[in-house]
Visitor: 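Here it is, the structure, as structure tokens.
No hydrogens, no waters, no symmetry mates; every other heavy atom, side chains included, goes into these values.
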Amino acid sequence: MDETNRAREAEGLDPLPLSECAARAGRHRAAELVGQALEHAPLKDVIADCAPHGRAAENLVDSEAAPAAVVEAWLDSPGHRSNVLAPDMTAMGIGCVEHTGGMLCSQIFVGP
């Protein structure tokens with residue numbers, strides 16, 4: 001979260017507080033994806049579970065890279081960058097699962 005918030009602040013955006021609901025959803029998503037191809041799934045369940053939020057977005061990573069390198073890579077990808085720097089998101093959570101290939105993480109953003 002710290003690296004994401006540093007990137008947001010560098011762009012003049014407010015930092016995002018932790019959403020426990022989004023973090024739980026991220027942990028669940030990360031666990032589901034171990035051993036699978038990284039594919040984004042619809043986030044209808046996150047939106048329903050994390051009400052009153054009506055919008056959600058997700059960044060995924062499966063890597064041994066340090067958090068700063070992961071966020072830097074996300075910022076170099078237009079879709080991921082859009083999620084990190086979305087001005088209408090109001091909170092986020094990150095869930096990670098360690099496995100033999102490294103660390104699989106799902107970063108979930110929620111907003112109105």
Side-chain angles (χ1 to χ4, degrees):
M1 282 189 47
D2 293 339
E3 295 296 332
T4 296
N5 277 330
R6 272 194 272 284
R8 289 179 60 82
E9 289 174 332
E11 295 292 323
L13 297 167
D14 290 333
L16 297 177
L18 171 67
S19 162
E20 289 292 343
C21 183
R24 276 191 308 278
R27 285 189 298 274
H28 179 74
R29 280 285 293 143
E32 284 181 332
L33 289 169
V34 171
Q36 306 295 318
L38 293 188
E39 293 184 9
H40 296 285
L43 296 171
K44 296 179 295 196
D45 291 344
V46 173
I47 293 167
D49 292 344
C50 296
H53 299 291
R55 185 166 182 260
E58 176 185 56
N59 286 344
L60 298 171
V61 64
D62 190 0
S63 176
E64 294 180 1
V70 169
V71 172
E72 185 176 324
W74 282 339
L75 292 172
D76 288 339
S77 162
H80 294 101
R81 180 182 184 84
S82 176
N83 290 341
V84 169
L85 301 178
D88 58 338
M89 292 302 183
T90 56
M92 73 171 148
I94 302 172
C96 297
V97 176
E98 201 169 349
H99 66 102
T100 56
M103 186 78 70
L104 198 151
C105 298
S106 169
Q107 179 181 46
I108 296 182
F109 301 89
V110 291

Visitor: Taking only distance into account, with no hydrogens and no angle test, what donor-acceptor pairs under 3.5 Å do side-chain atoms of residues 45-52 form with protein atoms, sequence neighbours excluded?
Guide:
none

Visitor: For the CD atom on Glu72, are there more than 12 heavy atoms of other groups (residues, nucleotides or ligands in this structure) within a distance under 6.0 Å?
Guide: no

Visitor: With sequence neighbours excluded, give me every salt bridge (Lys or Arg N to Asp or Glu O under 4.0 Å) pair touching residues 83-103.
Guide: Arg55-Asp88

Visitor: How close do Met89 and Ala56 get, heavy atom to heavy atom, and via which atoms?
Guide: CE-C, 4.1 Å

Visitor: Under the criterion side-chain contact (heavy atoms from CB on, under 4.5 Å), I'd like the reasoning laid out for Leu60 against Leu33: C-alpha separation, chi angles, the key distance, then a yes or no.
Guide: CA-CA 10 Å; Leu60 298 171; Leu33 289 169; 3.8 Å; yes

Visitor: For Trp74 versus His80, what's the shortest heavy-atom pair and its separation?
Guide: O-CB, 3.3 Å

Visitor: What's the shortest heavy-atom distance between Ser63 and Ala65, and which atoms?
Guide: OG-N, 2.8 Å

Visitor: Identify the heavy atoms of Pro17 and Thr90 that sit nearest to each other, and give their distance.
Guide: CD-O, 3.2 Å

Visitor: Looking at Arg6 and Glu3, does any basic side-chain N land under 4.0 Å from a carboxylate oxygen?
Guide: yes

Visitor: Which heavy atom of Leu16 sits nearest to which heavy atom of Ala91, and what is that distance?
Guide: CD2-N, 3.8 Å

Visitor: Please identify each residue that fulfils side chain to side chain donor-acceptor pair (under 3.5 Å) with Glu58, with sequence neighbours left out.
Guide: Arg29, His40, Ser106

Visitor: Supply the atom-to-atom distance Leu75 CG to Thr4 OG1, rounded to the nearest 0.5 angstrom.
Guide: 8.0 Å

Visitor: Taking Arg8 for the side chain and Val84 for the main chain, is one N or O donor matched with an acceptor at less than 3.5 Å?
Guide: yes

